Amino acid sequence: MMVKMTLQGGLIYLTLVLFVATVAARRCGWRAVGRGFWGAGFAAAVASVVWRGLHTGHPPMQNLFEFFLCMAAALWPLSQWSRWKNGIDTDARDALLGALILFPAGFVFGEEVRRLPPALQSPLFVPHVASYVAGYVMLARAALMALPLMCAPGDAARVRQADVATRQTAAAGFVLLTLGLLLGSLWGKICWGHYWQWDPKEMWSLATWLMYGGYFHYRLKNGVRAPKTLAALLWLGLLFVVLTLTWINVSRLFAGMHNYA
Amino acid sequence: MNLFLNRVAGLGGAAWLCWLLALGAVALAFPGPERSGAFMACTLMQLLSAGLALLLLFNGLRAAGRRRFDSALLHLGCACVLAGWLAGQHAVRTATLDRPASGAMVMVDGDTSDKLWDGPYLTNFVGRVPFSVKLEKFFVERYERNALDRDAGRDAPVREYRSRVTIAEPGKPPYVANVRVNHPAYVRGFHIYQMSWGENADQFGRPVVYTVLQFIRDPGLPLVYAGFVVLFAGVLLFAARIFRAKTPHGEVPS
C-alpha cells in the first residue's frame with residue numbers, strides 16, 4: 001500500500017473519486033448527476049493515460065500499472081456501447097468496476113518509468129495490448145451484466161434481456177481476445193522466432209479463450225434453460241481473466257517471457 | 001449411432017472438450033515453457049493433436065454443410081493452425097545435417113559461417129544452412145543516460161541490438177542485411193533472429209563482444225498464418241450473428 005504524491009497519482013485518485021461518486025449518486029437515485037460524474041471520471045481517466053504516455057515517451061501499455069490505467073479509460077466508451085446496443089444502463093456497475101481496476105493502479109503498482117526494450121519496439125505492441133485491454137474490460141462487464149441471470153432466474157423478461165446483453169458483450173470480448181491472441185502470436189514469431197512458446201501467460205490466455213469457447217458452445221446447445229449456469233460460466237471466465245492478469249504476471253511460479261509486473 | 005455422434009462430436013461434447021482443453025492448458029502453464037514444449041512434442045501428444053485437428057475439420061465441414069459459415073470458418077481455422085503446427089513439428093523431427101530446422105550461430109565481428117549449433121551452451125552441431133553468413137559488425141545502441149541512471153550508477157538501458165551481416169547464397173551476388181530484434185531476415189526458408197549477445201575475453205584477456213543469431217525453418221508457417229486469417233474471419237462472422245439478436249429494450253435496475 002503506497003500513495004503516489006505525483007501528478008499521475010493525483011489524476012488516478014481524482015478518477016477514483018469520480019467513479020465512486022458515480023456509484024454513490026446512482027445509489028441516491030440522482031441519475032443525471034451520476035451520468036455527469038461518470039463522464040467526468042472518463043475524462044480524468046483519459047487524462048491519466050495521456051499524461052502517462054507523455055511522461056514516459058511511449059504508448060502507456062508496458063506494464064500492469066499502465067495496462068490498468070488503459071482499462072479504466074476504456075470502460076466509459078464500452079459502457080456507452082451497451083447503452084446503445086442493448087438499451088441497458090450499466091453506469092453504476094461499470095463505475096464500480098472502474099474503481100476496482102484503479103485501486104491497484106493507485107495504491108499497489110509502482111509508477112517507475114522504464115524505457116522500451118528492443119522487444120517491445122514493434123508496430124504490433126499497441127494493437128496486441130489494446131485488444132486485451134478492451135477484451136478484458138468487455139468480459140468483466142459481461143460477468144457483471146449476468147447478475148440478473150443469477151439473482152432473478154424466474155423473471156423471463158429480465159433473463160431474456162440479460163442473456164442477449166451478456167452474450168453480445170461476451171462476443172465482443174471474445175473477438176478482441178482472439179485478435180489479441182493472434183496478434184500476440186504473430187508478434188511472437190517476428191520477435192522471438194516462435195508463434196507459440198508454451199509460455200505460462202500464453203497458456204492461461206489460451207485457457208481463458210477456451211473457457212469462453214465452452215460458454216458459447218454451452219449457450220448454443222442449451223439456450224437459456226439454465227440461466228444460473230450461464231452466469232456461472234461468465235464468472236468462471238472472468239476468474240480466468242483475473243488470474244491471467246494478476247497471479248500469472250506477479251507469481252514466480254510462472255516465470256516466462258511475459259514477466260514484467 | 002446418430003445419438004452417439006451428437007454426444008461426442010456435437011455441441012454438448014464440444015463445450016466439455018473446450019473446458020477439458022482449457023484445463024490442459026492450465027496444467028501446461030505450471031512446468032514452464034521448456035518442459036511443456038518438450039511434452040507437447042512427444043508422439044502421443046502429436047497424435048492427440050492430429051486427432052483434435054481432424055475433429056475440428058469434421059465439425060467445420062459439418063457446419064459448412066448446414067450453412068453455418070461462422071462456425072465452419074472458426075473450426076477450419078483452428079484445424080488449419082493445428083495442422084501448420086504439426087507440419088512444423090514434423091520438420092523438426094525429420095531435420096538432418098543438410099536440412100536443420102533450427103539452430104544458432106555465435107559470431108564476433110568478421111566471422112563467416114554456415115554452421116548451426118544447439119543446446120544450452122550452443123555446443124551441439126545440428127547442421128549447415130544452404131548459404132553463408134558473415135558478421136560485418138554487431139552494434140549495441142543504448143538510450144541516453146539520464147539522471148535516474150546516474151543516481152543508480154548504471155548504464156542506460158539498451159535501445160537496439162543489430163547485427164549487420166553479409167549473406168552469400170550460391171548463384172547470387174552477396175548482399176547486406178541488418179538483423180534486429182523484431183526485424184528478422186529471411187533467407188532460403190530460414191528466418192534469422194537477433195537472439196542474444198554477450199561479452200567474453202579473448203586469449204589475451206581483451207573483451208570481445210559476440211552476437212547470437214537464431215535460425216529457424218518452419219514449413220508449417222503459411223498454414224498457421226492462413227489458419228489465423230480464417231479463424232479471425234470466423235470469429236467476426238460469429239460475433240456479427242450474435243449482434244443481430246435484438247434485446248428487449250427497457251431499463252434494468254442496477
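What you are looking at is a predicted structure, and each value in this text was computed from that prediction instead of being measured. Reminder, nothing fancy here: chain letters follow the sequence lines and each chain counts from 1.
Proximity to chain A is absent for every atom of B:L20, based on heavy atoms less than 4.5 angstrom apart. If you measure heavy-atom distances from B:E141 to chain A, you find no contacts under 4.5 Å at all. For B:Q214, no part lies near chain A; criterion is any non-hydrogen pair under 4.5 Å. The contact between B:I216 and chain A is made entirely by side chain atoms (from C-beta outward), counting heavy-atom distances below 4.5 Å. Interface remark: A:Y212 contributes no atoms to any contact with chain B (heavy atom separation under 4.5 Å). For chain A, the nearby parts of B:F228 are the backbone and the side chain; heavy atoms of each come within less than 4.5 Å. Within the 4.5 angstrom heavy-atom criterion, only side-chain atoms of B:R241, from C-beta onward, approach chain A. For A:W196, no part lies near chain B; criterion is any non-hydrogen pair under 4.5 Å. Using a 4.5 Å cut-off between heavy atoms, B:L23 makes no contact with chain A at all. Neither the backbone nor the side chain of B:M195 comes within less than 4.5 Å of any heavy atom in chain A.
In terms of heavy-atom proximity, A:C191 sits nearest to B:N182 at CB-OD1, 3.2 Å. Here the closest non-hydrogen pair linking B:A22 and A:L210 is N-CD1, 3.6 Å. Taking each heavy atom of B:Y193 and A:G193 in turn, the nearest pair found is CZ-CA, 3.3 Å. Residues B:A25 and A:L206 share a closest heavy-atom pair of CB-CD2, 4.4 Å. Closest approach of A:W198 and B:G37 over heavy atoms only: CD1-CA, 3.4 Å.
Taking OH of B:Y225 as the reference point, atom CG of A:L186 lies at 4.5 Å (rounded to 0.5 Å). In this structure, A:S122 OG and B:H183 NE2 are separated by 7.0 Å, a value rounded to the nearest 0.5 Å. Note that CZ of B:R244 is 11.0 Å distant from CD of A:Q168, once rounded to the nearest 0.5 Å. Here the CZ-CD1 distance, from A:R219 to B:I242, works out to 8.0 Å after rounding to the nearest 0.5 Å. To the nearest 0.5 Å, atoms CG (B:L28) and CH2 (A:W204) are separated by 12.0 Å.
Panel note: side chain B:Y143, backbone A:L116; a donor-acceptor pair is recorded below 3.5 Å. In this structure a side-chain-to-backbone donor-acceptor pair under 3.5 Å is missing from A:E202 to B:P33. No side-chain donor-acceptor contact under 3.5 Å links A:Q121 to the backbone of B:V181. Using a distance-only test at 3.5 Å, with no hydrogens or angles considered, no donor-acceptor pair links the side chain of A:R115 to the main chain of B:A156.
By the 6.0 Å contact criterion, CZ on B:R67 is open, its count of non-hydrogen atoms from other residues, nucleotides or ligands being 12 or less. Shown here is B:F39, whose CZ atom has no more than 12 heavy atoms of other residues, nucleotides or ligands within 6.0 Å. For B:R35, the CZ atom sits in a loose shell: 12 or fewer heavy atoms of surrounding residues, nucleotides or ligands are nearer than 6.0 Å.
For chain A, the option among B:L231, B:N146, B:L21, B:L17 with the highest count of heavy-atom pairs below 4.5 Å is B:N146. Comparing A:S205, A:A171, A:G214 by how many heavy-atom pairs each has under 4.5 Å with chain B, the most go to A:G214. Per-residue counts of heavy-atom pairs under 4.5 Å with chain B were compared for A:L144, A:T208, A:L181, A:L179; the largest is that of A:L179. When the candidates B:E34, B:H191, B:R159 are compared by the number of heavy-atom contacts under 4.5 Å with chain A, B:R159 comes out ahead. Most heavy-atom pairs under 4.5 Å with chain B, from the set A:A207, A:G213, A:A172: that is A:A207.
Looking at heavy atoms from C-beta onward, B:L221 lies in side-chain contact with A:Y195 at the 4.5 angstrom threshold. By the 4.5 Å heavy-atom criterion applied to side chains, A:M203 and B:V26 are not counted as neighbours. Counting heavy atoms from C-beta outward, B:R68 and A:L220 have side chains that approach closer than 4.5 Å. Proximity of A:I190 to B:P184: side-chain heavy atoms (C-beta onward) are separated by under 4.5 Å at one or more points. Residues A:E112 and B:L148 are not in side-chain contact: their nearest non-hydrogen atoms beyond the backbone lie 4.5 Å or more apart. In this structure, A:K189 and B:V224 have side chains that are not in contact, with every pair of non-hydrogen atoms separated by 4.5 Å or more. By the 4.5 Å heavy-atom criterion applied to side chains, B:W19 and A:L233 are counted as neighbours. B:V158 places none of its side-chain heavy atoms less than 4.5 Å from the side chain of A:P117.
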Open item on the list: Please evaluate residues B:F238 and A:F216 with respect to the criterion side chain to side chain contact (heavy atoms under 4.5 Å, CB included), reporting the C-alpha separation (whole Å), side-chain torsions for both, the decisive distance (0.1 Å), and the verdict.
Closed with: CA-CA 10 Å; B:F238 170 68; A:F216 286 119; 3.5 Å; yes
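Residues B:F243 and A:W81 place their aromatic rings such that the two centres sit under 6.0 Å apart.
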